[in-house]
Amino acid sequence: MEKEPTVSTPLAFLVWCLLQLSFLKSISSVPLSSQAEALLSWKGNLTFPSTDPRVLNSWSVSSNGSSPCGWYGIQCNTAMDSVTQLSLPGFRFSGTLERLNFSAFPDLTHLVLANNSFSGNIPTQIGELTSLQELDLSSNSFTGHIPSSLTNLSQLSRLSLSTNALVGEVPSNIGALTRLRSLLLTRNLLTGEIPSSITNLSGLAVLSLRFNRLSGEIPSNIGALSRLTFLGLRDNRLTGGLPPSLFTMSKLAALAISSNNLTGVIPPSIGAMSSIDYFNLSNNHFTGELPRSIANFSGLTSLDVSANNLSGKIPAEIGELERLMDLNLSHNKFSGSIPSSFSILSSLSSIDFSYNQLEGPVPNSNIFRNASSSAFMGNRGLCGEVQGLQLCNSSVVNGNGSSPVSGNGSRGLGTRYVIIIVVIAAVLVIAVFVVLVRSLIYRTPVRSRSSSVEDGGTSSKKSEDVFSVWNYDGKFVFEDIVEATDDFDDENCLGIGGSGSVYEAELVTGQRVAVKKLHSAEGDDDADEKNFRNEIQALVELRHRNIVKLYGFCSHPRCKLLVYEFMEKGSLAGLLQNPQSAMELDWVKRVSIIKDVANALSYMHHDFRPPILHRDITSKNILLNEEFKACVSDFGTSKFLKQSSSNWTAVAGTIGYLAPELAYSGRVTAKSDVYSFGVVALEVIHGGHPGELLVSISSSSAAELHGMMLVDVLDKRLDYPSEKVEKEVIAAMAIAMACTRSNPVSRPDMKRVAEALAACRPSIGLPLQGITIGQLKDAMI
């Protein structure tokens, strides 16, 4: 056997390294200048939105050379002198791929053009990108067939062509892509059968063919996809029954095959799929009973078998599914009563038993008592203390067999009057209390100009100002701040927020500080003074490494000023909005920022007495220093939670970060801060305000959420998280989604959030590329 060469001297080792480097550089046969030329030629075919000139400005040949490696959206392997990534998602570019010379990029590993307006066919030449590991052309307007040449991409691990107008069949040789982990062809116009070769993709974790026109049966050997965690086949034209091999898929977490023409029974062997947390077989033609073995789905959060022909009794074993949140058994032929075991399902938030043949009392629990009457209509004779149902001790039943609207009209009317009277009385009591509290507050003097600062610092007196800086010698007064900011010159302005403008200033000691000049609310001096006092009181008492330090304050007839420690990197919002600084915020820094904010809020809510709520947590109010340490700032609307006082108050905060319950309630709770933190955490991960993502999460069906991939919501300006930080990103995303749950009771508190982030033990043991938003939403912390 031939021996491997050995390196005996340092000089020989150096020569060996140089030879290896030379070999790597020789791998790419296409020089960077040719790759730049290919990109510029393609750019001439594109139409760019006038509002975003980033690519136009950076894609140009400069005097420094013709390398494209510094262009926006382009990444290179410097060892090979070759382009490896072309990533331009979400820029609304329009044009085609036909003028892109694919042969110029032999080392391209990632081609991501999602969420644009590209059209035309996907060129056959795309099969020349033999090094490609990810191809994402989703959410465009591509037409024509899926080119069979895609099967040449033997290194491909993720393929997403969802949300286009592609026609024809799924390539019959799709099984050649044996390294695929994720195959997403959702929302196209694909026809024909699911190719049997798809079962060769043994490493596949996610398969989504939803919202197409596929026909035929589910491949009989589908169980060969032993690593599959999500199977989405809903809204097609599939026929036949459930193949027995399906029930051997022990890692499957989500099964979404609703809205097809599937028939047959649901066999007891389905209970072997013990990892299922989402199960949707609705809108098919299944018959027989719902098997009791469904109780084996111990982690099940959503069960929907509505709109079938299922009969028999509802299995009482469903009451053992402790994590079940959504249950829909409507539009079947279930008979008997609703099992009393359902009353212990404390996680239930949505139920529907309508249009069956059910009778007898409904379980006595809040989810049933608070449910809409539509959840029970169309049955034989359900009764109980539920709106729209007759009381079980009443003999009144409608002639058509359906539940009556009310079991006792006079009783219901009297109850409504009692409720109205109680509400009116409560409102009057609260109004009187608020008047008394306001009168007490404003009878108390704001601060004597000759008195010392409450925290024990010194005070400096001039004719018309009060100023204290407890970390200095107390000699800085209003005139000094005016001089340090050049009379609040715009050139020294760091930013403008809702409560004031922030300026950079250098004191006579050489210390750089940030000075906030509070805005005056026209005609509302009381509100100005209250916000000013709130911020001083909060920041004088709060002491935490992740809460911005207040050095001093000044109340002057001209304006009110607050002097803080200087945070060199500015606001989190500003960093995320700027393309260059956003890329500087790598995944390690982003996870650290989320942890910093969580630690600050945990301290405020749980370690400080009395607890204090911020009430305006936004990315603009998170500041970063030179080492990217994050600090919470802007406490103008904060509130101390004192047991002896009311926690009802006017709604405060920033639109887009406010918890949904504040739309109908003015009660201040810590869970409102938790929601705002969740929005900020999602913003850090997504790279921008997650408004559309939050809408999608709240409005999409569970099946749709299980088809949304985590990798699709990550900030596309960054590479995928490395293996070192991958688990932390997954955990942070799961926690952020838990914090933005619509029901405040189901949100974790900030102490639990901070502990979970520190422990970093994601409840989903899957690689990042195989995780869906649905799985994260259902994750418990």
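Index from 1, following the sequence. Not measured: the values here are computed from a predicted model.
- Pairs of residues two or more places apart, or lying in two chains, that qualify as disulfide (SG to SG under 2.5 Å) and include a residue from residues 72-123 are C69-C76.
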With a 3.5 Å cut-off and sequence neighbours excluded, list the donor-acceptor pairs that the side chains of residues 122-137 form with protein atoms.
from : atom 1 : to   : atom 2 : distance (Å)
E128 : OE1    : S103 : N      : 3.2
S131 : OG     : P106 : O      : 2.8
E134 : OE1    : Y720 : OH     : 3.0
E134 : OE2    : R158 : NH1    : 2.9
E134 : OE2    : Y720 : OH     : 2.3
D136 : OD1    : S138 : N      : 3.1
D136 : OD1    : S138 : OG     : 2.6
D136 : OD2    : R158 : NH1    : 3.2

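- Taking E584 as the reference, K569 meet the salt bridge (Lys or Arg N to Asp or Glu O under 4.0 Å) condition, with sequence neighbours excluded.
- Legend: side chain to side chain donor-acceptor pair (under 3.5 Å) pairs involving residues 159-176, not counting sequence neighbours, sorted by first then second residue: T151-N173.
- Evaluation of the side-chain hydrogen bond (donor to acceptor under 3.5 Å, both in side chains) rule for S298 yields no partner, not counting sequence neighbours.
- Pairs passing the disulfide (SG to SG under 2.5 Å) check and including a residue from residues 162-250, sequence neighbours excluded, do not occur.
- Listed by chain and residue number, R590, R717 satisfy the salt bridge (Lys or Arg N to Asp or Glu O under 4.0 Å) test with D715 (two or more places apart in sequence, or in another chain).
- The ring-ring contact (aromatic ring centres under 6.0 Å, His included) check on F297 picks up F279, with sequence neighbours excluded.
- For S154, there are no side chain to side chain contact (heavy atoms under 4.5 Å, CB included) partners two or more places apart in sequence or in a different chain.
- Residues satisfying the side chain to side chain contact (heavy atoms under 4.5 Å, CB included) criterion with P243, sequence neighbours excluded, are I218, I222, S245, L246.
- Applying the side chain to side chain contact (heavy atoms under 4.5 Å, CB included) criterion to S117, with sequence neighbours excluded, gives S94.
- Taking D586 as the reference, K589 meet the salt bridge (Lys or Arg N to Asp or Glu O under 4.0 Å) condition, with sequence neighbours excluded.
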